[in-house]
Participant: 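Before I ask anything, here is the structure I am working with.
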Amino acid sequence: MKIKLKLTRIIENALKDADIKADDIVISDATKPEFGDYQFNGVMKLAKILKQNPRQIATRVIEHIDTTGIIKKVEVAGPGFINIWLDNGWLSAQATAIVNDDRVGVGYFSSNQKVVIDYSGPNMAKQMHVGHLRSTIIGDTLANLLEFLGDEVIRQNHIGDWGTQFGMLIAYLEERDTDGNTQELKDLEQFYKDAKVRFDQSQEFANKAREYVVKIQSGDRHCLRLWQSFIDASLGHCEEVYSKLGVKLTRDDVRAESFYNPQLPKVIQTLEKQGLLTLSDGAKCVFLEDWDTPVIVQKGDGGYLYATTDLAGLEFRAKELKANRICYVVDARQGQHFKQVFAIAKQANMVNESVKLEHIGFGTMMDKGGKPFKTRDGGVIKLIDLLDEAVVRAKASIKERDAYSQEELDNIANVVGIGAVKYADLSINRESNYIFSWDKMLSFEGNTSLYMQYAYARIQSILRKYNQEEIKGDIIISDETEHRLALMILKFEDTLIKASIDATPHTITSYLYDVVTLFMKFYESNPILKGGIEEEIKISRLQLAKLTASVIKKSLDILGIRVVDKI
RNA sequence: GCACUCAUAGCUCAGCUGGAUAGAGCAUCGGUUUGCGGUACCGAAGGUCACAGGUUCGAAUCCUGUUGGGUGUACCA
């Protein structure tokens, strides 16, 4: 339900009827319950332009507001605020209408776009570590969200599979792997270290490694086969992580660095043709206004750089994939790189002016001391290890473990543990750094996944006691708590739209927290299954509980977090 | 040096592109129950929104400066 849009139209009409010219009408949520449900604050600005008393204007506007249906009452308050209360009858009807709707009342975008979302982007030379978590889950959430709202989403996993380190790796693979056994690739970190040691020790090996880099690039069959088997093994590790995380990336979404490699000379040509290229200290550069340092697109030795690949990628996504919006979910530290690359792509006409290019940046994961999150000896934490630990910790936190079968217990631990890691990350404004804390994320209290999953399980427990077929009837809003809960549920669509524009998953989590908190209050004060409750009221409350469960489930679904009926 | 970014309660975070008395959770103190899952709910206390100016009827939010952290700054990705 697009409530804000409805109210905006009503105010627009009221202003028109009152003969007041205004654009940019913004309806906002009321800051406090006593100020109603929504408020319009624009009158004060208008008063200034019109040089009239704001309260008088507000009064005039109010007289022209059409209150049939959605609005119960409007009031002028303070210096000229217009406060709006929504009608319970209207809320009841709207809520009742979506109880069995699997989209929970959320519509589709009227103009759907093609959106490319570039996320995860692991390096094939190593295993995924904690640094890859944010890109992977923020990107996946954004993809889920836009898909749900009706955009055509193209997921792109820009894996790092090209570069000098692969010469060393495949030379070592060949040396170690004479019988075709790739068991050693189980731990890529170790494999990389071993290869490096060999590289540093043996001149002969180092030469071979360098030779192999050239051979891969020139398409040597033997080396390409080795390289391919290495990439396959490494990608397999990533897929294990994606599967544990419930991230939807597949092999079809992989568009690797190597894919763009053949296009790189053309990128240089294009830049040359557009007159953007400058030779400086032997390197081919693009100098941009407002930047002291140029962007190097081809090194003095002829090699290309990641800016070159990104330009090829941008052109491919805009022209071949025909995207209207391209989002890069990449660490905030690459902010200026993307600003520069985006500017070049547009100037060189590689990307049409109308295409929206966005860097969805995010901060770093920190430990309790506010330092980048590392193992005790300063190494990187492998993502797979982190996820496994989350599941182990989740299992330990489950009370009455005897009540479940081993299978149930494993499933719950998975849902809870993985959910906790993801939720903790997604619930924080992506642009800031955040402090990783097991205790906080696995808590039942506050804005955590467990609080939501627990509320969901409680509702399921209530619904189980009732025959689903018998739950038929209207939601009747009879008090303030129900009013607030129903309204919050109906704000789902407005929330998702905002989250999609800003690309902020935490907008969804804080909304969800509001919903669940309101439900808990409702649940506390309005008993459902206790004796002595009228059937009509009981059904209404059951329906409201059911609707709350739908919102919880759908929200978590978009965030890529599962629920269970029992915890 | 230059650029970007951040600074809100003891701690972890919100604050919706300027609105009314700045909000949550944790921790602290107190309360609720013959309980539909109490891993819940209610309340108290806790703030010079880093600092100083400016714009405005109105600033945590916009502008300038200062201080303090983080990050990035031409042949890595």
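All chains are named by letter (A, B, ...) in the order of the sequence lines, taking the proteins before the strands, and each is independently numbered beginning at 1. We use all heavy atoms of the structure for the numbers below, so side chains are in, but hydrogens, waters and symmetry mates are not.
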Participant: Can a salt bridge be assigned to the pair A:Glu75 and A:Lys73 using a cut-off of 4.0 Å between side-chain N and carboxylate O?
Facilitator: yes
Participant: Is the A:Phe166-A:Tyr212 ring centre distance short of 6.0 angstrom?
Facilitator: no
Participant: Report yes if at least one side-chain N or O of A:Lys48 is closer than 4.0 Å to OP1 or OP2 of B:rC57; otherwise report no.
Facilitator: yes
Participant: Of the candidate nucleotides B:rA40, B:rU73, B:rC36, which contains the atom at the shortest distance from the side chain of A:Arg458?
Facilitator: B:rA40
Participant: When the P atoms of B:rC51 and B:rU67 are considered, how many whole Å apart are they?
Facilitator: 16 Å
Participant: Ring centres under 6.0 Å, that's the criterion: do A:His337 and A:Tyr306 meet it?
Facilitator: yes
Participant: At their closest point, which heavy atom of A:Ile533 faces which heavy atom of A:Arg541, and how far apart are they?
Facilitator: CD1-NH1, 4.4 Å
Participant: Within 45° of the axis and under 6.0 Å from the centre of the six-membered ring of A:Tyr404, does NZ or CZ of A:Lys395 qualify?
Facilitator: no
Participant: Any base atoms under 4.0 Å from A:Ser432, or only sugar-phosphate, or nothing? Heavy atoms, all strands.
Facilitator: sugar-phosphate
Participant: With the threshold set at under 4.0 Å for non-hydrogen atoms, list the residues of residues 510-521 of chain A touching RNA chain B in residue-number order.
Facilitator: A:Tyr513, A:Met520, A:Lys521
Participant: Of all the nucleotides listed (B:rU73, B:rG19, B:rG15), which has the minimum atom distance to the side chain of A:His506?
Facilitator: B:rG15
Participant: Taking 4.0 Å as the cut-off, does a side-chain nitrogen or oxygen of A:Lys32 come that near to OP1 or OP2 on B:rA22?
Facilitator: no
Participant: Within the pair A:Thr507 and B:rA14, is there a side-chain N or O less than 4.0 Å away from OP1 or OP2?
Facilitator: no
Participant: By the 4.0 Å heavy-atom rule, please label A:Tyr523 as base, sugar-phosphate, or nothing.
Facilitator: base
Participant: Given the side-chain rings of A:Tyr328 and A:Phe338, with only the six-membered ring counted for Trp, is the space between their centroids under 6.0 Å?
Facilitator: yes
Participant: For the residue pair A:Phe519 and A:Tyr523, does the interplanar ring angle fall in the parallel (under 30°), tilted (30 to 60°) or perpendicular (over 60°) class?
Facilitator: tilted
Participant: Looking at B:rC41, B:rG37, B:rA20, which one has an atom nearest to any side-chain atom of A:Phe35?
Facilitator: B:rA20
Participant: Among the candidates B:rU73, B:rA14, B:rG19, find the nucleotide nearest to the side-chain atoms of A:Thr293.
Facilitator: B:rU73
Participant: A quick test of your reading: do over 12 heavy atoms of other residues, nucleotides or ligands sit less than 6.0 Å from CD of A:Glu272?
Facilitator: no
Participant: Which nucleotide wins on minimum distance to the side chain of A:Glu524, given the candidates B:rG70, B:rG37, B:rC41?
Facilitator: B:rC41
Participant: From the list B:rG72, B:rC13, B:rG37, which nucleotide is the closest neighbour of the side chain of A:Tyr434?
Facilitator: B:rC13
Participant: Taking the minimum atom-to-atom distance to the side chain of A:Glu445, which one of B:rA40, B:rG19, B:rU12 wins?
Facilitator: B:rA40
Participant: Just to be sure I understand the geometry, which residues of residues 300-310 of chain A put a non-hydrogen atom under 4.0 Å away from RNA chain B?
Facilitator: A:Gly300, A:Tyr304, A:Leu305, A:Tyr306
Participant: Flag this pair as yes if the NZ/CZ of A:Lys126 is under 6.0 angstrom from the six-membered ring centre of A:Tyr192 and inside a 45 degree cone about the axis; otherwise no.
Facilitator: yes
Participant: As a test of reading the structure: which of B:rC36, B:rC13, B:rA20 is closest to the side chain of A:Phe81, going by heavy atoms?
Facilitator: B:rA20
Participant: Starting at CD of A:Glu431 and ending at C1' of B:rC13, how long is that distance when rounded to a whole Å?
Facilitator: 15 Å
Participant: If I pick the C1' atom on B:rC41 and the same atom on B:rU33, what distance separates them, to the nearest angstrom?
Facilitator: 10 Å
Participant: Base, sugar-phosphate, or nothing: which does A:Asn83 touch, judged by heavy atoms less than 4.0 Å apart?
Facilitator: base
Participant: So what does A:Ser28 hit on the nucleic acid, given a heavy-atom distance under 4.0 Å: a base, only sugar-phosphate, or nothing?
Facilitator: nothing
Participant: Is it true that the side chains of A:Asn447 and A:Tyr423 contain a donor and an acceptor less than 3.5 Å apart?
Facilitator: yes
Participant: Does OP1 or OP2 of B:rC41 have a side-chain N or O of A:Tyr451 closer than 4.0 Å?
Facilitator: yes
Participant: In dot-bracket notation, what is the pairing pattern of RNA chain B, taking Watson-Crick (N1-N3 plus N6-O4 or O6-N4) and G-U wobble (N1-O2 and O6-N3) contacts under 3.5 Å, with [ ] crossing and | for other strands?
Facilitator: (((((.(..((((.....[...)))).(((((.......))))).....(((((..]....)))))).)))))....
Participant: Given atom CD of A:Glu34 and atom P of B:rG23, what is their separation to the nearest angstrom?
Facilitator: 10 Å
Participant: Please determine whether a side-chain nitrogen of the Lys or Arg among A:Asp494 and A:Lys498 lies less than 4.0 Å from a carboxylate oxygen of the Asp or Glu.
Facilitator: no
Participant: Would you say the rings of A:Tyr304 and A:Tyr260 are close, in the sense that their centroids are separated by under 6.0 Å?
Facilitator: no
Participant: What integer distance in Å separates A:Arg333:CZ from B:rU71:C1'?
Facilitator: 7 Å
